[in-house]
Amino acid sequence: MGATVSDTVEVTLRAVGVLAAFLVLPLLVGQTEHKVMAHMQGRLGPMYAGGFHGWAQLVADGVKFVQKEDITPAAADKRVFRFAPAVALVPYLVALAAIPLSPDVVAADLPASAVFVLAVTAVGILGTLMAGWASANKYSLLGAMRAAAQLLSYELPMVLAVASVCLAAGSLSLSGIAAAWSPWWLIFQLPGAIVFLVAAVAELQRPPFDMPVADSEIVFGAYTEYTGLRFAFFLLSEYAGIVVMSLLFAVLYLGGWHGLLSDQLGWLWTLLKGFCIAVVVIWLRVAWPRLREDQLQRLAWLVLVPLALAQLALTGVWVVTTA
Amino acid sequence: MSPYVVIAAVVAVGLLLFVAAMGARALLAPKAPTRAKLTTYESGVDPVGRDWAQTQVRYFVYAFLYVIFAVDAVYLFPWALVVRSNLGAASLLEIAVFIGVLLVGLVHAARRGLLRWL
Amino acid sequence: MIATTVASASVAPAATSLVTFDWSVLAPVLVPALAAVAVLVLDVLAPRLVRLHATVGVLALVAGIALTVPGVLRTADDPLRTLCLPAPDGCLFEAGPLASALQLGALGSALVVLLLSWPGTDPRDHLRGGPAVLVSLVLAATAGAAGVAAAHDLGSWLVCLELATLPAIALVALRGDAPAGRGALALLTTSLVSFAMVALGAALWLVSTGEAVFSAAAATEALADPQRRVVLLLAALLLLAGLGFKLSLVPFHVWTPQAYAGATEPVAAFLAATSKVAALAALLVVVRPLVGAGAPVLFGIGMLAAVSMTLGNVLALVQDDPVRLLAWSTVAQAGWVVLPLSALNEQSAAASGGYLLAYVIATLVAFVVVHVVTSTPRLRGATDLGRTLTAYTGLLRAHPLLGGALGLALLSLAGLPPGVVGLIAKVVALRPVVGAGQWALALVAVLNAVIGVAVYLRWFAVLLRDPDEGPARPVIRSIPRPALAALVLSGAALVATSVMPQLLLGLLD
Amino acid sequence: MHLAGPYLLAAVLAGLGAYGVLARRNAVLVLIGVELILNAANLLLVSVAAAGGDRWAAGNVLTLFVITIAAAEVVVALAVVLAVYRLRGDVDLDDVDLDDATVGEGQR
Amino acid sequence: MVILTSLVVPAAVAVWLLTGGRTVSHRTANLLASVASVIALAAVVVAVIVRPTVDRAWVPSLGLRWQLAVDGISAPLLLLTAILGVGVVLHTLDRPPKGGTTAAFHACLLLVEFGALATFYARDAVLFFVAFELVLVPMWVLITRFGDAHDAAARADAGGRFVLYTAFGSTLMLVGILALVAKSGTSDLDVLAQGGGHGIPVGTQTLVAALLVAGLAVKVPVFPLHTWLPPAHTTAPTAGSVLLAAVLLKMGTYGLVRLPLASVPDGFAKVAPVLAVLGAIGIIWGGLACLVERDLKRLIAYSSVAHMGFVILGLSSGTRTGLQAALFANVAHGVISALLFVVVGGLKERWGSADLETARAALREVTPRLGFALIVGLAASLGLPGLAGFWGEFLSVYAAWSPAADRPEGLFRTLAVVAAMGTVLAAAYALRVARTVWAGERTAPPIEDSRDSEWDVIAVLVVAVLLLGIAPGPLLAMTGDAVTTIVGAAP
């Protein structure tokens, strides 16, 4: 390999930087959710922990989770059960590493990062599936099956939507896509953007697409048997997912670091746009009732897939005619 | 330096995070297993039947549809890269045929009731 | 799934100015493929017009057959070429006389199968998905079979080969009962393993020759280099093994009786005829550039042929279910089919193709009769009697047309006059082997010719018996018209080629 | 580009896959073995393409084809599994007999 | 044209009987078959006189041609086949077949005749093979469908053995033919005979000859490949037995002359001693078996093995005389065995069994015609001078005593002695049969004597036996020229 010392240091720095972002941003989103949801529902939300508007609530939650007893059910497939949270969490970390906040602020600028991020986030579902299967609990298994079916169904429109963006930009790299972005895309790629957003929310199993963890039917789906820190990992992975998807949306559809004062703000623009999307995701949770399993599938196959294909056709024709 | 090295490092860091967190838990969390605590949770009643139950086979249908359609991604992304080259309109036509055939399949399947949630 | 593979097949040839593109040459492949999609569209628009679906299928196959004629008329040195890239040996599609004849065989046998499975002919069949699915699957697989015969590069070869295989699995499962499921699973597992081998073989081929086309020049060059020679031989071995699965060569044959017995008779006929054409066509594409490869491959093919014949024949000898008998006979005949290839000379490819076509015609006739007998309501209400040999007691006298056709088919398979075509096929198959001086192999073939005679005469003897000796013999008052058409079509081919074997052999050179 | 690494890995994958196919009589494990072999093939193809060893970038294109066909195989597998499920009421593939060379009537 | 007539007419009538005329009455079927076989006979006679040739492409891809001709070697056998073709049909007139339709029976007879004629006409090695195979299925049908009505299992067994042995032999022969064609580049038998194996290494010649001889030996049959013959003869109907003994066995010896002997003489010379030894063993073995055999049909079958042993011995000697002897003995055996089978078949019909020990009236007493025919047959069979059997066997032994230069003389002389001893055995078993069946005083239970069509056939055959015995000259002359082209003008 011939890696020099400075190379090693750089790699470590980058990795640690990603880790730091990964630990901070989800907490930010989580706190936002607490507060935004509370206010939408006419209440205050956390107010005490840490003093100012309960800013440290999630940190306190974390400390609490660490101290809780970790139970592995006697009937469970123990190794798989214990490892599942890591499988659910790590992919989002890796995905985060490939998302550029600006041309310079990116941990790993892969040549086909759009495809890479899609592929890696899809691995996360494996954690849920492992959790559901290894729990040896009927609710868990049912939840895992639902989660898997949901992922499968929504992955397709999402991939098609991303393909359409890639086609428009002529690049598979997120940096390249953001570089090729122009405001005109806001209209031209709108159907694709909607498809992507809906599919992203569905992949995260966020309400209204939270059938896999529907507490009134199957307790807490695949996570029913989890306690303590392992359970916290699943929660964390959900919020990390929101971060990743929001940033991805910002880069793909909102031009990432392009903004009014792009020279000055740069990566901050991307974060800002991503944050807005995260708020939208939170808003969806409050505003919409849960979809039934069959409605959910029909939405994917009969609305989103055709819509994404139409978007693809539109982009294709546009590209060919303008090229 | 290849960006993939960074990716590998990130994976390692992620796993390290998991291990460290579990280590912290092992130090901090109490450990008092009882038999009742370790039984499978079924809303408070004693577990019924075997641990792993049969599930609905209909979930396979989605796997089935997914595999059919996800494969187009394999061709879409390379196509996205080359469509601006001299392949142009011809490749658009071909990808249209490709997706068209897939759609015929989907419509056929829908017509045959495959997408109905029974 | 058909959709996927059809589509990927259509992606393969990129239509740019760089590539020559001749629709008429591709037509024998494209017409059935398009018809497969058209049938699905029709099924969406008008699901009840099942006869229309079948008609579209039949018309497409007839058109396809007509379109193979130009290729048949060419000489081996000057095949029809298309999808040519501007490079030496850069054509991805070559339809010479042998390839076109095999295409003709695939399309023709599929035509018989379609006629045989004409909607409404068999009240027992409640096929899942309706006849449109069956028609569409048959057409798709036939397109694959036609394509693989003319494929000249690894890509189209792989895609067409699997396009010919995958629908067949679904076809087996279509009957929808327990044996069908088991048969389909057996076929599925087999074809998965086979595909893995073929893919690995193709990859190694690319590694060793550095060419994605089946080019004789590149193969010769690779053989000259000792290191690449090993890789190329390994590739050939893997390809051969993978295709051995599809051809039902021992030791890759176990799926055959299960799949045949599980499927409906028309589908079993499809497996025995069209699928075999596809498999052999694929094998010939691989073998042709290997003519100079020398002993290991030669020995391998010879061994496979010898063992397949022997085992297939011996097990066919003890079967009581005609479909299973025909299945084991397929195994044995597969041995005969690849027998000439062990000589690896210019004659052998055509010899192999000639034997296969003769076998296909005869076996189709047999399956048509078995289907008619099996699907005829029985005298004493028994349902499964067509699936025992005794159900054919005295068929020759009870129903001369069916009995005569089956008798001639069996004699052809046995290689006895008046089934002259079978006899000539044996001559054709043995000629390269003897010419190459492989006496041991020839001796095994001789022994198997004898066991084969025993296999088919055992059934033929049942046909000869007095009709009253049999239990609850079928009362075949009238044969449904499409089945009759299938019988006449395949039977006429059998009689014509028996009287004038040149009709068959002339196709190949 | 030095190809020893990829080739070695491909050989290992193919060997493992072959072991899975040959040793295990369980349909699911056979499928996994098949996937391993296919990945070995893909790795070989991609390596050849990366080394620039062939005309027309055939290594890459063939990889796509292999992936596609493998997907199609999986779809057919799922369809057959569904069919078997409808017949038997379960999808337990573990007891599917893969080497039934039954003479005469197969056991029901 | 006449050649085609003699082939097409029986074939066409047979096909019509199998398809359109399946339900015709026995009389009609017999009439049709008679007409067809008579036409064929007439055509054959003309062909033997005129010696026309036919040469048409059939399967150009294989170089296979309809190449038909008549020469001295095939002419007697063609005549024999055509005459017996008429004979068997005539013989069937009063004996409606059991076990199947009469149309099918007649069709099978005609098809056997068609195949045999085609075999003898064929001048193309591959065509010879195809024609050779042609007789298999109809003969098999005759045995399994129309054979011994009492014992279905025995019929199936005998038919199976017949067809499997023969298929084995003929496929082996095919391998030999293909090797020969591959080496010499032509499948034209005349060209092959003229070439005489020049340019083919002796080793290859030997191999080819061994393959051809092994294949054809099954059909002849040569000891130890003869075990299919007795059951086949025992169960076959009389007409079938006649065709089997008089026509089908001749195809084997004819093939030996045409293929290995003419095409690869050097190779045949290597194989000939083995063949000769086997022939001699066959003579003794057949004779011994006849001494203990109780079933008359089986006994005649074993005697056929012995007689074919003489033919084989003559062929192996490699001399002009030997070859002539073999060809003569071939024809003679055809006539004699046909006569014996007609007689014995008639006896079996009347007694219900062909067992020697069955209690029955002595033929001398109650059925003088049958008795006379039997005695003539037996006498000819044991080689009594003045009857057909004599010349062939005498000349064979003579040829073996003085074989060709490239044959081991000592061995052949020993074999000649052994063969001569075989004639003694023949006399012994002939007398045994005559004593138990023909002689005796008993007159009960009486059986009917031969009349009508059966007697006609017997009469013709008896005349033929006498003619061949008294005047062997014409037949020997007929074969002379052709033999010369094969072995050269040596003695």
Side-chain angles (χ1 to χ4, degrees), chain A residues 7 10-12 14-16 18-19 66-71 73-75 85-86 89-90 93-94 97-98 107-110 115 136-138 141-142 145 148-149 152-153 155-156 159-160 163 166-167 170 172 219 224-225 228-229 233 293-294 297-298 301-302 305 309 313 316-317 319-320 323, chain B residues 1 3-7 9-15 17-18 21-22 24-26 28-33 35 37-43 47 49 51-53 55-56 59 62-63 65-66 69-70 72-73 76-77 79-81 83-84 88-89 91-92 95-96 99 103 106 110 115-117:
Chain A
D7 272 351
E10 191 190 336
V11 167
T12 317
R14 281 171 185 257
V16 171
V18 173
L19 184 65
V66 174
Q67 290 174 348
K68 281 186 133 184
E69 185 180 1
D70 181 70
I71 297 171
L89 190 63
V90 173
L93 177 67
V94 176
D109 195 10
L110 299 173
V115 180
N137 180 319
K138 298 175 189 82
L141 189 58
L142 215 55
M145 294 303 283
L152 294 179
S153 299
E155 180 79 6
L156 178 64
V159 166
L160 291 175
C166 293
L167 181 62
L172 300 185
V219 191
T224 303
E225 294 286 358
L229 198 56
F233 265 63
E293 186 71 25
D294 60 328
Q297 295 290 359
R298 208 173 316 136
W301 288 103
L302 298 183
V305 169
L309 284 174
V317 171
V319 166
V320 169
Chain B
M1 182 194 59
Y4 291 103
V5 178
V6 180
I7 295 295
V10 169
V11 172
V13 166
L15 291 176
L17 169 71
F18 181 71
M22 287 304 138
R25 178 192 51 76
L28 296 176
K31 232 184 195 147
R35 176 174 289 203
K37 213 186 269 179
L38 294 181
T39 50
T40 302
Y41 176 77
E42 288 202 358
S43 306
D51 306 329
W52 276 280
T55 46
Q56 290 275 18
Y59 289 107
Y62 294 100
L65 287 172
Y66 175 71
F69 287 92
D72 59 1
L76 281 180
F77 287 107
W79 172 63
L81 285 182
V83 73
R84 283 183 170 73
S91 74
L92 182 68
I95 211 83
I99 300 211
L103 271 183
L106 179 62
L115 298 178
R116 221 177 292 137
W117 189 266

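Every chain is numbered from 1 and lettered A, B, ... according to where its sequence line falls, protein lines coming before strand lines.
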The ring pair (Phe, Tyr, Trp, His ring centres under 6.0 Å) partners of Phe18(B) (sequence neighbours excluded) come to Phe233(A)
Considering non-hydrogen atoms only, spot the tightest contact between [X] and [Y] and give its length.
X         : Y         : value
Ala9(B)   : Val11(A)  : CB-CG1, 3.4 Å
Phe77(B)  : Cys166(A) : CE2-SG, 3.8 Å
Leu93(A)  : Gly14(B)  : CD2-CA, 3.2 Å
Leu110(A) : Pro3(B)   : CD2-CB, 3.7 Å
Val10(B)  : Ala97(A)  : CG2-CB, 3.8 Å

Note: vs chain B, highest number of non-hydrogen pairs under 4.5 angstrom among Asp109(A), Leu152(A), Val320(A) is Leu152(A)
Check each atom of [X] against the heavy atoms of chain B and say whether the ones under 4.5 Å are side chain, backbone, both or neither.
X         : value
Val94(A)  : both
Val18(A)  : side chain
Leu309(A) : side chain

Value for CG (Leu81(B)) from CG (Leu172(A)), rounded to nearest 0.5 Å, stands at 4.0 Å
Taken to the nearest 0.5 Å, the spacing of Ile95(B) CD1 from Leu167(A) CG works out to 9.0 Å
For Val13(B), the side chain to side chain contact (heavy atoms under 4.5 Å, CB included) test, sequence neighbours excluded, returns Ala15(A), Leu19(A)
